[in-house]
Every structure is written in C-alpha cells, then in structure tokens.
Q: 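Take a look at the following structure, please.
Sequence lines set the chain letters: A, B, ... in the order given, protein chains first and strands last, and positions in each chain run from 1.
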Amino acid sequence: MDEVRVRFAPSPTGYLHIGGARTALFNWLFARHHGGVFILRIEDTDRSRSTEEYINAIVDGMRWLGLDWDEGPYRQTERMEIYQSYLQRLIDEGKAYYCYCTPEELEQRRQEAIKVGKTPKYDGRCRELNNPPAGRTPAVRFRMPEAGQTIVDDLIHGKVAYPNEMFDDFIIMRSDGTPTYNFVVVVDDVDMRITHVIRGDDHLNNTPKQIHIYNALGFQIPKFAHLPMILGSDKTRLSKRHGATSVQAYREMGYLPEALLNYLARLGWSYGDQEIFTKEELIEKFSLEGVSKAAAVFNPDKLLWLNGQHLKNTPTEKLCELVKPFLQKEGLIESDQQVDHQWLRKAVESQKERAKTLVELAKVMRYYFVEEIEYEEDAKKKFLNEKTLPYLVDLLEELKRLEQFTEQTLQEVFSSIINKYGIKLKQLAQPVRVAVTGGTKSPGIFEVLEIVGRDRIIKRIQKAIDTIRESS
RNA sequence: GGUCCCAUCGUCUAGUGGCCCAGGACACCGGCCUCUCACGUCGGAAACAGGGGUUCGAGUCCCCUUGGGACCGCCA
C-alpha cells in the first residue's frame with residue numbers, strides 16, 4: 001500500500017464531542033497503525049456558524065486526548081482560491097452552472113413538494129438558462145446525471161448502489177461566493193492526497209454526490225470507510241439530552257484520556273474479547289476489519305468502569321500530578337502549595353483502587369488534608385457511643401505514649417487493646433475509622449492513620465471522645 | 001414521502017455454515033476474600049426481532065416482514 005493519508009475534518013460549530021472524537025480516533029489509529037499521515041482540517045466554510053472559540057476547543061480536545069496530527073490544522077477559509085479555480089473549471093466545462101433561484105423560492109417549492117408527498121428536489125430550471133434575471137447574484141449548481149446508478153464501494157459496508165434519479169443538482173457555491181461542503185470536501189481530499197476517507201456513516205448518502213465531483217474533475221476516488229453512529233440510551237443520535245457529550249466535560253469530570261480513547265475505540269470496534277487496551281495496543285491491533293456496521297449506544301457506566309481500570313493501572317507518580325488540579329478544586333491545596341511528595345504518594349496509593357475518576361480520588365482524600373473532619377450522622381451514631389468509649393480512651397492513652405507512628409507500631413497498639421477487651425479488630429477499627437475519617441469507608445485503618453499522622457490522630461480521637469461524653 | 005444503511009443478553013460485543021442447547025465485558029443479583037469500602041475472585045439471571053427459503057446442517061447465506069437509524073439544505 002502507498003503511504004496512508006487520512007484526515008479528521010470537524011466543522012467548528014460546537015465543541016469536540018464524543019462522536020467527533022471517535023471519528024478522529026479511528027482516523028488516527030488507522031494512520032498510526034499503517035505508519036501514515038494524520039491531518040487535521042477545519043471545515044469552516046459556514047461562516048455564520050463557525051467560531052474561533054470552537055476551533056480552539058477542538059484543538060484543545062484533540063491535544064488532551066493525545067491525538068496528534070502531522071499536518072494542519074488547515075482551514076478551508078484560507079483555501080478559497082483553490083476552490084475557486086476548480087469551480088471555474090467545472091463551469092467552463094459545462095459540468096456546473098449558475099442558478100438564480102433565491103433560497104426563499106427554493107424553500108417554498110420544497111415545502112410544496114413535501115405537502116403533496118413528493119421528494120423535495122431541485123427541478124433543474126436554471127440548467128439551460130439563456131437569459132438570467134437581472135439583479136440577482138447566482139449560486140452555482142453541479143450537474144448530476146439523471147439516470148443510471150452510482151456505486152459507492154465502502155470498506156465497511158461493501159458496495160452500495162444508489163439510483164441517480166434520487167439526486168438533484170446540488171449547490172456547490174453559495175451566492176455569497178463561498179463553496180459548500182460536498183464540493184470542498186472533494187477538492188481538499190484530493191489536494192491533500194487523502195487515501196482513505198474515514199467518517200461517520202451519516203455521510204454515506206453524500207458519497208455518491210462526491211463521487212460525481214471526483215469524476216467531473218478527473219480525480220482518482222479514495223477508499224471510503226463509513227463508521228457506525230454513536231447513539232444515546234434512547235437509540236437516537238447522541239446529543240446534549242443524553243448528558244455530557246463534549247470531550248471537555250469528561251476531562252472536567254476526572255476521566256483519563258486513555259480511558260476515554262479505550263472506550264471510544266470499543267464502541268464499534270472490537271478485538272476478540274479484549275476490553276482494556278493501552279494506546280499502544282490500540283495502534284497495534286486496530287484495523288477497519290474489526291469495525292462493526294451497526295450503530296452503538298453510548299454507555300456511561302462502562303466508560304466509568306474503564307476509567308477506574310485505567311486509573312488503577314496509572315503509575316502513582318503520574319497520578320499524583322494528575323490529581324493536583326482536582327485537589328485544588330476541592331479546596332484541599334493551594335495552586336502554589338508544595339505538598340510533601342513521599343506523603344502524597346502514599347496518600348494517592350492508598351486510594352487509587354477506590355476511585356473511578358480523578359474527581360472521586362480528590363474527594364476521598366479530603367480527610368488526609370483537612371484539620372477538622374466532620375462526622376457522617378449514621379456513622380457517628382453507630383460507632384461513637386458508650387460502648388466504644390473505653391476502647392477509644394485506652395487507645396488515646398497508648399497513642400500518646402507512642403513515638404513512631406508507622407503501620408507496624410500502630411498495629412501493635414491495636415493488638416494490645418483488642419487483647420485487653422477480648423474484642424475483634426473490627427470492633428476497634430470502625431470507631432477509630434469514624435473518629436479519623438468521619439465515615440465508615442476508607443483504606444486499611446493502619447494505612448490511613450500513618451498518612452493522617454500523629455498530631456491529627458490524637459486530636460481527632462480526643463474529639464471523638466469529647467463528642468461521646470457530650471452526648472451522653 | 002423517497003433513497004440508503006443496520007438488526008446476537010438492558011448495553012458494548014465474540015461468532016465469517018458443523019467447535020454455539022451461543023462466549024467475553026459493563027450494569028444487576030448471590031458467595032468468597034476482609035478492620036470498613038473498594039480491588040480481586042467464584043457463581044447466577046439475561047440474547048441470535050419474526051416468517052419463509054438454500055443446505056445433511058444456519059446466529060452465520062438468500063428473500064420478505066417488522067423495528068431502528070441516516071440522508072434528501074445557498075449545514076457539515
């Protein structure tokens with residue numbers, strides 16, 4: 001195979017969303033797998049809806065996901081002369097023509113057609129126009145064949161045949177002089193020597209039109225691969241109604257890029273029974289053969305699980321850095337604060353298997369950072385009471401005498417109290433857990449105590465004792 | 001309405017004519033592990049949309065029906 005060249009071509013009319021990211025990912029994986037070139041191209045010919053802000057958001061999203069591009073970002077608005085020259089060629093050769101109908105007229109005819117149950121279709125009235133009406137700036141239409149059929153040979157769907165009667169002469173240049181999608185996409189893909197057009201299958205029905213443009217311009221047709229759509233839980237096209245859909249939103253919710261990538265890859269693609277992939281494995285194992293034809297429903301639960309898996313597999317060292325912004329958001333550290341690195345490592349290590357997102361991770365670390373903890377009402381009632389009071393009193397005494405607070409020495413202290421009262425570890429551990437963390441859930445109690453540290457442990461147990469005495 | 005695409009557990013999927021009374025994963029339920037919670041682990045419930053063919057044999061091939069989706073724009 002010659003060098004593979006693929007592109008991701010979003011239109012900047014919104015943030016980078018899940019569907020776009022998946023298309024980008026498949027293109028990127030295909031390029032990386034084949035040692036090819038991945039191009040980012042911004043399709044901003046719709047000036048009224050494209051914004052600079054969205055372009056930045058898309059670029060940021062791609063960077064965060066780690067989908068690096070080799071060329072671009074190209075912008076179509078910067079390539080107008082190129083389109084213009086091809087357009088002129090089509091007009092000169094009679095393959096395109098000026099249309100003087102106004103959008104209002106067209107809309108009106110469309111509505112009428114729909115009303116009588118006919119296919120809304122341009123009637124071709126300007127096709128052979130000799131005396132154009134004065135005072136109107138025309139659009140340009142592409143002349144489509146009226147009979148026969150057009151075959152799209154798709155890598156995922158196979159050969160798809162379209163009867164040509166269903167097509168009308170579509171507009172390739174607006175009356176304001178800007179070219180439209182179906183024309184521009186062809187010119188760009190040819191100009192950028194794209195070998196494989198990999199995109200959502202909502203574009204499948206546009207492909208025959210594009211094929212005729214390729215032919216009219218005498219270009220070679222690239223390979224097409226139309227990816228299945230991503231649906232919401234109600235099986236309709238994924239949209240805001242289904243919850244978070246922008247890549248940025250997942251970033252803020254504490255998802256890891258590699259988890260999102262892994263999830264997106266498995267949506268519409270599979271490799272036997274494997275669920276968890278590193279980025280490198282994805283590149284190694286990806287192929288269009290493994291892509292399915294059927295649309296897939298986006299399942300946030302599975303993404304969450306996968307994120308937990310990736311979180312667990314992330315080196316603690318790296319997790320420490322990743323969680324810092326989230327600790328800041330929780331108000332647990334200041335942006336310029338120096339946190340003892342060894343200590344943070346232990347803290348993160350103790351919680352990493354318990355959190356499914358960075359947000360969760362930061363939240364469960366609260367009692368490691370704050371001075372004063374608050375009790376959960378149920379936990380307090382159940383574990384801080386007359387019955388547990390003597391254990392806590394004894395523990396406090398012993399801890400005050402203890403110099404070195406390590407898991408080892410703490411364990412010894414706990415043992416002596418358990419023996420003295422003839423109780424199980426849980427009967428002591430739970431009250432202590434509530435006293436130190438405020439709740440009933442945490443990593444191993446000795447681990448937690450070591451991380452919280454001597455001074456705060458003593459303070460918190462004292463407070464628990466006071467609390468019990470006050471309420472009795 | 002026209003055209004096109006698609007169809008295995010609730011969801012993501014394995015399955016490319018016999019290895020499938022259908023396998024894995026998420027979620028769900030139960031057991032184990034255990035100082036709690038997670039992690040882990042073991043087990044359970046759960047699907048070939050329906051109907052016709054083809055074939056010795058069909059989840060797998062063909063047709064129809066049904067259901068879902070996409071496109072039909074001076075949006076991309």
Q: Paired with B/rU3 by Watson-Crick or G-U wobble geometry, both distances under 3.5 Å: which nucleotide is it?
A: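 By the stated definition (distances under 3.5 Å), B/rA70 pairs with B/rU3.
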
Q: Under 4.0 Å, heavy atoms only, any strand: does A/Leu304 hit a base, just the sugar-phosphate, or nothing?
A: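 Answer is nothing: A/Leu304 stays at 4.0 Å or more from every strand.
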
Q: On a whole-Å scale, what distance lies between the C1' atoms belonging to B/rA22 and B/rG30?
A: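 So the two C1' atoms sit 24 Å from each other.
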
Q: Tell me whether the OP1 or OP2 atom of B/rG2 has a side-chain N or O from A/Arg110 closer than 4.0 Å.
A: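 No, outside the criterion.
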
Q: Give A/Glu360 one of three labels, base, sugar-phosphate or nothing, depending on what nucleic acid heavy atoms sit under 4.0 Å from its own.
A: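 A/Glu360: no heavy atom of the nucleic acid under 4.0 Å.
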
Q: Please, which pairs that meet ring-ring contact (aromatic ring centres under 6.0 Å, His included) have at least one residue in residues 137-173 of chain A, sequence neighbours excluded?
A: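 Qualifying pairs: A/Phe142-A/Phe170.
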
Q: Categorize A/Cys99 for me: base, sugar-phosphate, or nothing, with a 4.0 angstrom heavy-atom threshold over every strand shown.
A: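 No contact at all - A/Cys99 keeps every heavy atom at 4.0 Å or more from the nucleic acid.
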
Q: Kindly say whether the aromatic ring centers of A/Phe183 and A/Tyr86 come within a distance under 6.0 Å.
A: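 Aromatic pair excluded; centres sit 6.0 Å or further apart.
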
Q: Examine the base of B/rC35 for any acceptor or donor lying under 3.5 Å from a partner atom in the side chain of A/Arg433, and report the outcome as yes or no.
A: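 Check passes, donor-acceptor contact within cut-off.
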
Q: Determine the Euclidean distance between corresponding P atoms of B/rA58 and B/rC21; express it in Å to zero decimal places.
A: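 One P to the other, the span is 12 Å.
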
Q: Please state whether the phosphate of B/rA76, meaning OP1 or OP2, lies under 4.0 angstrom from any side-chain nitrogen or oxygen of A/Thr45.
A: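 So the side chain of A/Thr45 is within the cut-off, an N or O lying under 4.0 Å from OP1 or OP2 of B/rA76.
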
Q: With sugar-phosphate meaning primed atoms plus P, OP1 and OP2, does A/Ala161 contact a base, only sugar-phosphate, or nothing at under 4.0 Å between heavy atoms?
A: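 Result for A/Ala161 = sugar-phosphate.
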
Q: Can you measure A/Lys382 atom NZ to B/rU36 atom C1' for me and round it to whole angstrom units?
A: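 Interatomic distance, NZ of A/Lys382 to C1' of B/rU36: 10 Å.
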
Q: Ignoring hydrogens and angles, are the base of B/rC74 and the side chain of A/Thr180 linked by a donor-acceptor pair under 3.5 Å?
A: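 No pair found.
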
Q: Taking NZ from A/Lys293 and C1' from B/rU60, how many angstroms apart are they, rounded to a whole number?
A: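 Value for this atom pair: 12 Å.
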
Q: Looking only at atom P, what distance separates B/rA25 and B/rG44, rounded to whole Å?
A: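 B/rA25 and B/rG44 have their P atoms separated by 12 Å.
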
Q: A/Lys441 near the nucleic acid: base, sugar-phosphate alone, or nothing, with a heavy-atom cut-off under 4.0 Å?
A: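 Base contact.
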
Q: Is the terminal nitrogen or CZ of A/Arg22 (NZ for Lys, CZ for Arg) located under 6.0 angstrom from the six-membered ring centre of A/Phe26 and within 45° of that ring's axis?
A: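 That pair qualifies as a cation-pi contact.
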
Q: Would you measure the distance from the C1' atom in B/rG73 across to the matching atom in B/rC63 and give it in whole Å?
A: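 Each nucleotide's C1' atom is 36 Å from the other's.
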
Q: Within the modelled atom types, does a donor on one side and an acceptor on the other bring the side chain of A/Glu165 and the base of B/rG2 under 3.5 Å apart?
A: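 When only heavy-atom distances are counted, A/Glu165 does not reach the base of B/rG2 through any donor-acceptor pair under 3.5 Å.
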
Q: Between A/Thr440 and A/Ser11, name the one whose nearest nucleotide on RNA chain B is closer to the 5' end.
A: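 It is A/Thr440 whose nearest nucleotide is closer to the 5' end.
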
Q: NA contact type, A/His203, heavy-atom cut-off 4.0 Å: base, sugar-phosphate, or nothing?
A: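 If one applies the 4.0 Å heavy-atom cut-off, A/His203 turns out to touch a base.
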
Q: May I ask you to check whether over 12 heavy atoms, not counting those of A/Lys346, lie within 6.0 Å of atom NZ?
A: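 Open: at most 12 neighbouring heavy atoms sit under 6.0 Å from NZ of A/Lys346.
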
Q: Which atom pairs link the protein and nucleotides 9-11 of chain B when you take only N or O atoms and keep those under 3.5 Å?
A:
| unit_1 | atom_1 | unit_2 | atom_2 | d |
| --- | --- | --- | --- | --- |
| B/rU11 | OP1 | A/Lys235 | NZ | 3.4 |

Q: Pick the closest RNA chain B nucleotide for A/Gln274 and for A/Asp176 by heavy atoms, then say which residue is nearer the 5' end.
A: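 It is A/Gln274 whose nearest nucleotide is closer to the 5' end.
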
Q: A/Asp201 side chain: which of B/rC71, B/rC35, B/rC5 is closest?
A: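 When the side chain of A/Asp201 is considered, B/rC5 is the closest of B/rC71, B/rC35, B/rC5.
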
Q: Of A/Arg127, A/Lys121, A/Arg143, A/Arg141, which meets side chain to side chain donor-acceptor pair (under 3.5 Å) against A/Asp169?
A: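 Result for side chain to side chain donor-acceptor pair (under 3.5 Å) with A/Asp169: A/Arg127.
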
Q: In this structure, how many angstroms lie between the P atom of B/rA27 and the CG atom of A/Asp301, rounded?
A: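 Distance check: A/Asp301 CG to B/rA27 P gives 7 Å.
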
Q: Check the distance between B/rU34's C1' and A/Leu428's CG and give it to me in whole angstrom.
A: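 Between C1' of B/rU34 and CG of A/Leu428: 16 Å.
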
Q: Can you find a side chain N or O atom of A/Thr102 that sits less than 4.0 Å from OP1 or OP2 on B/rC74?
A: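 No, because none of the side-chain N or O atoms of A/Thr102 sits under 4.0 Å from OP1 or OP2 of B/rC74.
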
Q: With heavy atoms under 4.0 Å as the rule, sort A/Lys312 into base, sugar-phosphate or nothing.
A: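 Sugar-phosphate contact only.
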
Q: Using purine N1 to pyrimidine N3 plus N6-O4 or O6-N4 for Watson-Crick, or N1-O2 and O6-N3 for G-U wobble, both under 3.5 Å, which nucleotide pairs with B/rA76?
A: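 None - no nucleotide pairs with B/rA76, as no candidate has both distances under 3.5 Å.
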
Q: Within this structure, what is the CZ-to-P distance between A/Phe170 and B/rC71, rounded to whole angstrom?
A: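 Atom-to-atom, A/Phe170 to B/rC71, this comes out as 16 Å.
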
Q: Could you tell me how far apart A/Ile151 (CD1) and B/rC5 (P) are, to the nearest whole angstrom?
A: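 From A/Ile151 CD1 to B/rC5 P: 11 Å.
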
Q: For a quick check of understanding: with a heavy-atom distance under 4.0 Å over all strands, which category does A/Gly439 fall into, base, sugar-phosphate or nothing?
A: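 Nothing, no nucleic acid heavy atom in range.
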
Q: If you measure from the Lys or Arg side-chain nitrogens to the Asp or Glu carboxylate oxygens, is any gap between A/Arg354 and A/Glu360 under 4.0 Å?
A: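 Salt bridge between A/Arg354 and A/Glu360, a charged N being under 4.0 Å from a carboxylate O: no.
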
Q: Please report, rounded to the nearest Å, how far the C1' atom of B/rG2 is from the CG atom of A/Asp168.
A: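 Rounding to the nearest Å, CG of A/Asp168 and C1' of B/rG2 are 12 Å apart.
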
Q: Please tell me if A/Ser270 has a side-chain N or O lying less than 4.0 Å from either OP1 or OP2 of B/rA14.
A: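 Yes, such a contact exists.
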
Q: Do you know which two heavy atoms are closest between A/Leu90 and A/Leu217, and how far apart they sit?
A: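 That would be CD2-CD1, 3.3 Å.
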
Q: Around atom CG of A/Asp378, are there more than 12 heavy atoms from other residues, nucleotides or ligands closer than 6.0 Å?
A: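 12 or below, so no.
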
Q: For the residue pair A/Phe224 and A/His226, does the interplanar ring angle fall in the parallel (under 30°), tilted (30 to 60°) or perpendicular (over 60°) class?
A: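 A/Phe224 and A/His226: parallel rings.
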
Q: For a quick test of reading the model, state the closest non-hydrogen atom pair linking A/Thr440 to A/Ala379 and the distance between them.
A: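 Shortest heavy-atom separation between A/Thr440 and A/Ala379 comes out as CG2-CB, 3.7 Å.
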
Q: How many Å lie between NZ on A/Lys159 and C1' on B/rC5, as a whole number?
A: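 Result: 17 Å.
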
